Undergrad: 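I have a structure I would like to understand better, so I am pasting it below and will then ask my questions one at a time.
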Amino acid sequence: MLVCPSSIDLSTRTLRFLAGQLTARRQEIGTRWRLLPVARQALLALAHLRCGDTYARLAAGFGIGIATVYRYIREAIEVLAALAPTLAEAMRTIWTKAFVILDGTLLPIDRIAADTPYYSGKHKRHGMSVQVLTDPFGRLLWVSPVLPGSTHELTAARHHGIIDALAAAGVKCWADKAYQGAGRPVRVPFRGRRLKRWKRRHNTTHAKIRCVGEQAMATLKGWRLLRKLRCSTNRITAIVQAVLVLHHASV
């Protein structure tokens with residue numbers, strides 16, 4: 001098998017952060033020896049998350065077995081996911097912001113047509129729904145656990161307690177038309193085709209504010225593994241949380 005070097009568009013700071021967490025993990029469980037040192041294990045996990053490299057490709061590149069790659073990556077994801085902030089913890093930061101932007105996106109998965117709970121009629125594909133909160137500058141603040149792709153965005157926001165948390169903290173929130181009826185803390189554009197001029201102006205201003213949140217979506221999808229997930233749906237929440245922790249560690 002031919003093997004060639006590749007690059008990962010992440011800083012060494014991110015590598016050091018993950019290596020430090022894995023070192024603490026090995027000390028905690030009393031690991032004496034492994035095929036890869038912590039720095040190489042951290043690099044392995046980053047290559048998988050950032051570049052979407054398969055287990056087979058990573059096994060060939062690092063000179064270890066596919067089963068070992070699976071165990072190393074799963075361990076790294078679990079270690080990172082344990083550090084992910086809850087919504088209550090994230091609200092301590094969100095509370096200091098002038099306002100936040102709420103949006104949802106679909107993470108594509110390799111499901112078949114029979115898996116109807118995962119099929120999104122809006123996106124016309126199978127996936128998992130995730131809710132994202134960003135600051136006024138489009139910086140990623142918090143990412144929710146995932147739900148099946150057929151879940152409506154307003155239903156998902158209520159399920160995660162986002163609406164109630166924003167209302168309790170008194171934080172203003174901008175969102176798109178999918179969140180119509182969310183309540184007082186969430187500001188949405190007017191719906192309809194024949195709107196009055198002042199309503200059209202309001203929608204234009206609203207769109208200019210809300211579109212900044214698309215930067216966070218681009219940041220999330222910059223981790224190529226999230227562009228097409230081929231793992232069990234039960235593991236996707238941990239993967240998303242791991243990506244959030246790594247993103248915060250790199251900025």
Side-chain angles (χ1 to χ4, degrees), residues 1-84 105-115 117-118 125-128 130 143 145-149 219-250:
M1 181 177 292
L2 297 176
V3 179
C4 66
S6 183
S7 63
I8 305 175
D9 55 341
L10 292 171
S11 65
T12 55
R13 179 169 149 190
T14 308
L15 179 65
R16 288 195 299 268
F17 170 78
L18 180 52
Q21 297 301 322
L22 291 173
T23 299
R25 169 67 174 172
R26 291 190 182 189
Q27 292 174 350
E28 178 185 352
I29 63 178
T31 300
R32 294 184 179 180
W33 178 86
R34 291 200 184 181
L35 287 172
L36 294 181
V38 288
R40 295 286 287 173
Q41 182 182 356
L43 186 64
L44 176 78
L46 292 178
H48 179 66
L49 293 171
R50 187 67 176 181
C51 304
D53 288 345
T54 63
Y55 295 152
R57 183 178 298 176
L58 291 170
F62 284 82
I64 55 178
I66 294 178
T68 305
V69 170
Y70 173 80
R71 289 196 303 270
Y72 281 1
I73 290 175
R74 181 157 189 167
E75 180 183 44
I77 289 173
E78 289 175 352
V79 167
L80 290 169
L83 302 174
T105 189
L106 188 79
L107 303 178
I109 60 175
D110 60 343
R111 300 291 99 174
I112 59 175
D115 296 320
Y118 303 106
R125 64 190 309 178
H126 292 78
M128 301 296 285
V130 64
V143 179
V146 299
L147 291 173
T219 298
L220 202 60
K221 297 296 180 68
W223 297 79
R224 296 176 186 85
L225 182 66
L226 299 181
R227 297 179 188 177
K228 186 64 178 289
L229 289 153
R230 295 177 174 84
C231 61
S232 167
T233 54
N234 296 327
R235 294 185 55 210
I236 296 178
T237 290
I239 292 173
V240 172
Q241 291 174 337
V243 166
L244 176 65
V245 171
L246 286 172
H247 169 71
H248 285 166
S250 65

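Everything numeric here is computed off the predicted structure, so don't read it as measured data. Just so it is clear, the values below take in all heavy atoms, side chains as well, and ignore hydrogens, waters and symmetry mates.
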Undergrad: For a 4.5 angstrom cut-off between non-hydrogen side-chain atoms, does Trp223 reach Val240?
TA: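 The answer is no, as the side chains (C-beta and beyond) never meet within the 4.5 Å cut-off.
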Undergrad: For Gly222 and Arg227, which heavy atoms make the closest approach, and how far apart are they?
TA: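 Heavy-atom minimum between the residues: CA-NH2, 4.1 Å.
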Undergrad: Would you say the side chain of Thr14 lies within less than 4.5 Å of the side chain of His247, judging by non-hydrogen atoms?
TA: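 Counting from C-beta outward, His247 and Thr14 never come under 4.5 Å.
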Undergrad: Heavy atoms only: give me the nearest Pro117-Pro148 pair and the separation to one decimal.
TA: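 Result for this residue pair: O-CB, 3.0 Å.
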Undergrad: Roughly how far, to the nearest 0.5 Å, is the CG atom of Leu22 from the CZ atom of Arg40?
TA: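 Rounded to the nearest 0.5 Å, the CZ-CG separation comes out at 14.0 Å.
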Undergrad: Out of curiosity, Thr219 OG1 to Leu244 CG, how far, rounded to the nearest 0.5 Å?
TA: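 Nearest 0.5 Å value for the OG1-CG distance: 11.0 Å.
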Undergrad: Which pairs, with at least one residue in residues 23-34 and sequence neighbours excluded, count as a salt bridge (Lys or Arg N to Asp or Glu O under 4.0 Å)?
TA: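 Sorted pair list: Arg25-Glu75, Arg34-Glu75.
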Undergrad: When rounded to the nearest 0.5 angstrom, what distance separates CD in Glu78 from CZ in Arg235?
TA: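 Glu78 CD to Arg235 CZ: 8.0 Å, rounded to 0.5 Å.
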Undergrad: What's the separation between atom CG in Leu18 and atom CD1 in Ile77, rounded to the nearest 0.5 Å?
TA: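 Leu18 atom CG to Ile77 atom CD1 measures 10.0 Å (nearest 0.5 Å).
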Undergrad: Do Tyr55 and Ile73 have side-chain heavy atoms sitting under 4.5 Å apart?
TA: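 Yes, at least one pair of side-chain atoms sits under 4.5 Å.
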Undergrad: Please name the pair of heavy atoms, one in Ala81 and one in Gln241, separated by the smallest distance, quoted to 0.1 Å.
TA: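 Nearest pair, atom of Ala81 first, then Gln241: CB-OE1, 3.7 Å.
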Undergrad: How many angstroms lie between atom CD1 of Ile109 and atom NZ of Lys228, to the nearest 0.5 angstrom?
TA: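 So the CD1 of Ile109 and the NZ of Lys228 are separated by 9.5 Å.
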Undergrad: Output side-chain donor-acceptor pairs under 3.5 Å for residues 59-70, partner residues at least two apart or in another chain, one line each.
TA:
from: Thr68; atom 1: OG1; to: Arg71; atom 2: NH2; distance (Å): 3.4
from: Tyr70; atom 1: OH; to: Arg74; atom 2: NH1; distance (Å): 2.5

Undergrad: Run the side-chain contact (heavy atoms from CB on, under 4.5 Å) test on Leu35 and Tyr72 for me, step by step, so that the C-alpha distance in whole Å, both residues' side-chain angles and the decisive distance to 0.1 Å come before the verdict.
TA: CA-CA 10 Å; Leu35 287 172; Tyr72 281 1; 3.9 Å; yes
Undergrad: Mind checking the CG-CG spacing from Leu107 to Leu229? Nearest 0.5 Å is all I need.
TA: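 With rounding to 0.5 Å, CG (Leu107) is 6.0 Å from CG (Leu229).
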Undergrad: Which pair of non-hydrogen atoms, one from Ala39 and one from Ala19, has the smallest distance, and what is that distance?
TA: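 Shortest heavy-atom separation between Ala39 and Ala19 comes out as CA-CB, 4.4 Å.
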Undergrad: Please indicate whether Arg125 has more than 12 foreign heavy atoms, meaning atoms of other residues, nucleotides or ligands, lying under 6.0 Å from its CZ.
TA: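 Counting other residues, nucleotides and ligands, CZ of Arg125 stays at 12 neighbours or fewer.
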Undergrad: Compare every heavy atom of Leu83 with every heavy atom of Val245, then report the nearest pair and how far apart it is.
TA: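 The answer is CG2-C, 3.8 Å.
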Undergrad: Can Leu15 and Leu10 be said to form a side-chain contact (heavy atoms from CB on, under 4.5 Å), step by step?
TA: CA-CA 8 Å; Leu15 179 65; Leu10 292 171; over 6 Å; no
Undergrad: May I have the list of side-chain donor-acceptor pairs in residues 42-53 shorter than 3.5 Å, sequence neighbours left out?
TA:
from: His48; atom 1: ND1; to: Asp53; atom 2: O; distance (Å): 2.9
from: Arg50; atom 1: NE; to: Asp9; atom 2: OD1; distance (Å): 2.9
from: Arg50; atom 1: NH2; to: Asp9; atom 2: OD2; distance (Å): 3.2

